[in-house]
There are 2 protein chains.
Amino acid sequence: MEEKEISQAVISRLPRYFRYLGDLKDEGIERVSSQELSDIMKVTASQIRQDLNNFGGFGQQGYGYNVGYLYEEIGKILGLDKEHNLIIVGAGHLGQALVNYMNFERRGFIFRGVFDCNPEIHGMKIRGIEVQPMENMEVFVKENNIDIAVLTIPKSGAVAVAEQLVAYGIKAIWNFAHVDLNVPKEIQVENVHLSDSLMKLSYNLASRDN
Amino acid sequence: MEEKEISQAVISRLPRYFRYLGDLKDEGIERVSSQELSDIMKVTASQIRQDLNNFGGFGQQGYGYNVGYLYEEIGKILGLDKEHNLIIVGAGHLGQALVNYMNFERRGFIFRGVFDCNPEIHGMKIRGIEVQPMENMEVFVKENNIDIAVLTIPKSGAVAVAEQLVAYGIKAIWNFAHVDLNVPKEIQVENVHLSDSLMKLSYNLASRDN
DNA sequence: ATGGAACTGTCAATTCATTGACATAATTTT
DNA sequence: AAAATTATGTCAATGAATTGACAGTTCCAT
């Protein structure tokens, strides 16, 4: 299906297209041109056409794009038509916040288990999911066909736990720990470094002041 | 101080340099060359030198870079030598997780207040900070010299609240709501769209499978 | 039906980002 | 003290991403 490698710059923009198309769909709008989308999203129409064309011709000359169809197609490209089984490793505030955020499940990302090394919270339930000790992880991952692990533990343990998870057969890691993981390149890692993001904000704030 | 505009690509890499330099400093290492850093960080030495040179010559030919000095300087560039006063708007799980995450304070980002529209949690304390009703926001922002607002509310209310915050004098918004804010360009916005990040992971997972 | 307007898909041009190369300077070794 | 080594800062070359332009197709009004 995928013939040429598509740049991460393009991939990063897909979720935003998806979101805007979802909004248009909810408003009952059936068709949209690259120029109209351009106006709403504040990107060039050329970029929109270029981006979409990486995946095929979804539009029609003289008409534009069918909102519902394009929305579905981008969803498929993003793999949202398939279910993913997730575990959370680290049941701190952030881990709990993610489990409690329902919208991920709507998109097919199902939280199956939560793990933590703190014995005091073992057995505690987060949205019905019981917190388990780390020792259970290996069996759980294998038995429940888990493909994505969400890492919300402190940086000190993260690298080692990531390696364990890979050994257990995980395919992708959504990494909130503030450290770069060292895993084989076929394992997909998506980093969310919140403090990096805040520092960037801080820089822009400071630089705008002079 | 800033003469030429520096690209966001460069800015985005600064926090990572800062992190690695901090680690080296903690290990007691005093000097580092761009080549050594390159090996550790898995980026080209040329990029490191190019990036740093946007801000001045921190190194010395034949010697390399002094770790402690460079760490300090990057910290200053990122504005981490100054204190910032923050409020959280939206005391849900994510908002609470952020307040509880101590490391931000270590970098000079001080949470001064938490606001939420749900009356049931007004008066509740999160790490000693009382949750206040939204109506208090205007006075609080003005009296406490708040410059950064953290938006952790659902997308439905986010755009309107952002406009209010701007009117109250806020300078920057760290936006976790899954919507693009509409604020004047002098207001700095840093978006953290978690579901976009997860969708990107999902794409890469799917595309690696074929 | 026919003509004009509205669009896409795509090629080419441009702009932006990254990498490579090297002159020059400080350091270390002999 | 001189030679050899190391390593920066910067210019030029390359590569990637974005934008502009337009041929060709479809839609819509008359």
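In what follows, chains carry the letters A, B, and so on, assigned in the order in which the sequence lines appear, proteins first and then strands, with residues in each chain numbered from 1.
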ask   = So, does the side chain of A/Gln61 form a donor-acceptor pair with the base of D/dT26 at under 3.5 Å?
value = no

query = Between the side chain of B/Ser202 and the main-chain N/O of A/Leu78, is any donor-acceptor distance below 3.5 Å?
reply = yes

key: Whichever of A/Gln47 and A/Tyr63 has its nearest DNA chain D nucleotide further upstream toward 5'   = A/Gln47

query = Taking for each residue the nucleotide of DNA chain C bearing the nearest heavy atom, is the 5' side occupied by B/Ser46 or by A/Ser46?
reply = A/Ser46

Provide, to the nearest angstrom, the distance between the [atom1] atom belonging to [X] and the [atom2] atom belonging to [N].
X: B/Phe55; N: D/dT10; atom1: CZ; atom2: P; result: 14 Å
X: A/Ile6; N: D/dT18; atom1: CD1; atom2: C1'; result: 17 Å
X: A/Tyr69; N: C/dT8; atom1: OH; atom2: P; result: 15 Å
X: B/Leu37; N: D/dA7; atom1: CG; atom2: C1'; result: 13 Å
X: A/Phe58; N: C/dT10; atom1: CZ; atom2: P; result: 12 Å
X: B/Gln50; N: C/dC22; atom1: CD; atom2: P; result: 16 Å
X: B/Ile48; N: D/dG9; atom1: CD1; atom2: C1'; result: 14 Å
X: A/Met41; N: D/dT18; atom1: CE; atom2: P; result: 13 Å

ask   = Is B/Thr44 touching bases, backbone alone, or none of the nucleic acid, heavy atoms closer than 4.0 Å?
value = sugar-phosphate

query = Going by an N to O cut-off under 4.0 Å, is there a salt bridge joining A/Glu72 and A/Lys76?
reply = no

query = Does the distance from a Lys or Arg side-chain N to an Asp or Glu carboxylate O, for B/Asp23 and A/Lys155, drop under 4.0 Å?
reply = yes

inquiry  = Would you say B/Gln60 places a side-chain N or O within less than 4.0 Å of OP1 or OP2 belonging to D/dT8?
reply    = no

query = Does the side chain of B/Tyr65 get closer than 4.0 angstrom to OP1 or OP2 of D/dG9 through an N or O atom?
reply = yes

message = Under 3.5 Å, is there a donor on one side chain and an acceptor on the other for B/His178 and B/Asp196?
response = yes

request  = Could you check whether the rings of A/Phe18 and A/Tyr71 sit parallel, tilted or perpendicular, using 30° and 60° as the cut-offs?
outcome  = parallel

remark   = In numerical order, the residues of residues 7-35 of chain A whose heavy atoms come under 4.0 Å of DNA chain D are A/Ser7, A/Arg13, A/Arg31

key: A/Tyr63 six-ring face occupied by A/Arg31 cation (under 6.0 Å, within 45°)   = yes

task = Would you check, one step at a time, whether the test ring pair (Phe, Tyr, Trp, His ring centres under 6.0 Å) holds for A/Phe104 with A/Trp174?
result = CA-CA 13 Å; A/Phe104 298 137; A/Trp174 199 19; 5.6 Å; yes

